[in-house]
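Heads up, the thing below is written out as structure tokens.
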Protein chains: 2
Amino acid sequence: MAVHEVLAAVLQVRAGSLQVLLWQRALAPDAGRWSLPGGKLRPDEDVETSIRRQLAEKVDVRQLTHVEQLAVFSAPDRVPGARVVATAFLGLVPCDVDPALPEDTAWHPVEALPETAFDHDVIVPRARDRLRAKLSYTNLGFALAGPEFTVSTLRELYSAALGYKVSATNLQRVLSRRGLLEPTGSTAPPGPSGGRPAALFRFTARGLQVTDPFAVFRPPAHNRPARSARWP
Amino acid sequence: MAVHEVLAAVLQVRAGSLQVLLWQRALAPDAGRWSLPGGKLRPDEDVETSIRRQLAEKVDVRQLTHVEQLAVFSAPDRVPGARVVATAFLGLVPCDVDPALPEDTAWHPVEALPETAFDHDVIVPRARDRLRAKLSYTNLGFALAGPEFTVSTLRELYSAALGYKVSATNLQRVLSRRGLLEPTGSTAPPGPSGGRPAALFRFTARGLQVTDPFAVFRPPAHNRPARSARWP
DNA sequence: CCAAAAGTGTTGGAGTTACACCCATGG
DNA sequence: CCATGGGTGTAACTCCAACACTTTTGG
């Protein structure tokens, strides 16, 4: 008989850094502090439906390219008053959209969070770490990028999300070898200072796919499929 | 205002195969079908405390070497009657213990489940997959093995859990290079048909440690620590 | 022709698989 | 001394990081 709420750390790469969407509480408890968007779970919806509805309603974020569960936060005293159990989500918004936001809502760099309400400061790093891990072994980059992009752009997205410089050279090679990237055939015009025009690419799939499931302990070669469609 | 329950897929390698602990329901709904152990979340405990308590109480499993959250299952109609939201866990029991079980409780191979209650048949494969993934990039093997073991024994555990043959040669090398395994100095007596006595090993740490966090996209070498203590 | 940005070639090394070979023990 | 299981040495392979080099544009 506990209230169940859903919360989302919605992440987007903005201005070269990974940022999270927060709204500032006007009322107690924790008035003035910043809070993850979300709200109560309704009786007729599951948690993912609920967080998608609440994000659409409250902060007008509809262009989520990826949503996944992070964890349940259930310490009995995690919020003051009656107990609330929370299911936390990671949400991703591609870099080519800029949703209209209510007055009290703003993006904040993940590495420089303001004072947050309740246990929300624990949830944001969890979301960031999940994103970083999945960028390495899945095609999750599609959720940060727009439909078409240059390798330079993609490099900036990966660098911002991972927190360190990624080489464009090797990024393109790794993603191409895995079959995640394909050229569109067209090119982007060069900038004002010249330079060779960049080829445009897109992700071959836009749903989450695990491309490198095993760091080690791969199954023996004779009953393992070829590179393109890996186990399992 | 939904009831919240906790459920655990408790896994152990038994008789060469990965098995899960289930109890057979006596009463409706789903009488006769097999169910994951668990129960209602109490107001004064968080979900992990709760699942540990319920496993200790109901099936007398106290020797859990590892417990972690899997996911929330929240479809409004996942159980008949009033709504119940469930937090599912993965639990691991080392191969050297054999807990006393109540009458209605038994181990079942993960690959040959009986008819299960509700959505529990979805939870068990999720637990298995999580275990398989973490065996590759963490030291989670400690949770399947006893305090001391031979490489042959460890090979059987990994083979059963992963579902394919693992070479003892390479298993030892990989785990040793990562610094997860250390020899105890003593040896196990050979079997009835002779053979060289096997050296005994232990895991150097018995808490979960991520040993291989990045499949690719490692940070540049100059700001990356050496092999032993990897990022982050 | 030069600067700038994009893209390719190539080398080297880390980590792993596969397999041949050597070691220690019981009958 | 031979069968049996345990352990080591080593070659080949996959994948990736690093960096030099080439290509294509604007001034």
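In the text below, chain A, chain B and the rest are named by the order of the sequence lines, each starting its count at 1. This structure is a prediction, so every number in the text was calculated from the model and none was measured.
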For this session: When you get a sec, tell me which of D:dA17, D:dT25, D:dG5 is the closest nucleotide to the side chain of A:Val174?
Result: D:dA17

Seminar exercise, completed: Of the listed D:dT4, C:dT16, C:dA4, the closest approach to the A:Ser193 side chain comes from C:dA4

Exercise. Any ion pair linking B:Arg14 and B:Asp98 (charged N to carboxylate O, less than 4.0 Å)?
Worked result: yes

For this session: Locate the shortest heavy-atom distance separating B:Asp104 from B:Trp34; write the atom from each residue and the value.
Result: O-CZ3, 3.7 Å

Seminar exercise, completed: Nearest heavy-atom contact between A:Ser74 and B:Asp46 is OG-CB, 3.3 Å

Could you give the [atom1]-to-[atom2] distance, from [X] to [N], as a whole number of Å?
{"X": "B:Leu180", "N": "C:dG15", "atom1": "CG", "atom2": "P", "value": "13 Å"}
{"X": "A:Tyr158", "N": "D:dA17", "atom1": "OH", "atom2": "C1'", "value": "17 Å"}
{"X": "A:Glu156", "N": "C:dA5", "atom1": "CD", "atom2": "P", "value": "12 Å"}
{"X": "A:Leu175", "N": "D:dA17", "atom1": "CG", "atom2": "P", "value": "11 Å"}
{"X": "A:Lys165", "N": "D:dC19", "atom1": "NZ", "atom2": "C1'", "value": "18 Å"}
{"X": "A:Tyr137", "N": "D:dC16", "atom1": "OH", "atom2": "C1'", "value": "20 Å"}
{"X": "A:Leu171", "N": "D:dC15", "atom1": "CG", "atom2": "C1'", "value": "15 Å"}
{"X": "B:Asp212", "N": "C:dT16", "atom1": "CG", "atom2": "C1'", "value": "11 Å"}

Problem set entry | the helix from C:dC1-D:dG27 to C:dG27-D:dC1: angle between end helix axes, five pairs per end, rounded to 10 degrees | 20°

Exercise. Which residues pass the salt bridge (Lys or Arg N to Asp or Glu O under 4.0 Å) test with B:Glu111, sequence neighbours left out?
Worked result: B:Arg128, B:Arg132

Below 3.5 Å, can you tabulate the donor-acceptor pairs from side chains in residues 151-163 of chain B to any protein atom, sequence neighbours excluded?
{"residue": "B:Thr153", "atom": "OG1", "partner": "B:Thr150", "partner atom": "OG1", "Å": "2.9"}
{"residue": "B:Arg155", "atom": "NH1", "partner": "B:Val166", "partner atom": "O", "Å": "3.3"}
{"residue": "B:Ser159", "atom": "OG", "partner": "B:Arg155", "partner atom": "O", "Å": "2.8"}
{"residue": "B:Ser159", "atom": "OG", "partner": "B:Val166", "partner atom": "N", "Å": "3.2"}

Does a side-chain N or O of [X] approach OP1 or OP2 of [N] to a distance below 4.0 Å, or not?
{"X": "A:Ser152", "N": "C:dA5", "result": "no"}
{"X": "A:Thr150", "N": "C:dA6", "result": "no"}
{"X": "B:Arg177", "N": "C:dA14", "result": "no"}
{"X": "A:Ser167", "N": "D:dA18", "result": "no"}
{"X": "B:Gln172", "N": "D:dT8", "result": "yes"}

Apply side chain to side chain donor-acceptor pair (under 3.5 Å) to [X] and list each qualifying residue two or more places apart in sequence or on a separate chain.
{"X": "A:His108", "value": "none"}
{"X": "B:Gln19", "value": "B:Ser17"}
{"X": "B:Gln54", "value": "B:Ser50"}
{"X": "B:Glu48", "value": "B:Arg52"}

Please table the atom pairs, donor to acceptor, closer than 3.5 Å between any side-chain atom in residues 184-199 of chain B and protein atoms at least two apart or in another chain.
{"residue": "B:Thr184", "atom": "OG1", "partner": "B:Ser186", "partner atom": "N", "Å": "3.3"}
{"residue": "B:Thr184", "atom": "OG1", "partner": "B:Ser186", "partner atom": "OG", "Å": "3.1"}
{"residue": "B:Thr184", "atom": "OG1", "partner": "B:Leu200", "partner atom": "O", "Å": "3.3"}

So which protein N/O to nucleotides 19-23 of chain C N/O distances come out below 3.5 Å?
{"residue": "C:dC23", "atom": "O2", "partner": "B:Arg196", "partner atom": "NH1", "Å": "3.4"}

For this session: Identify whether any heavy atom of B:Ala199 sits under 4.0 Å from a base atom; if not, whether one sits that close to sugar-phosphate; answer base, sugar-phosphate or nothing.
Result: sugar-phosphate

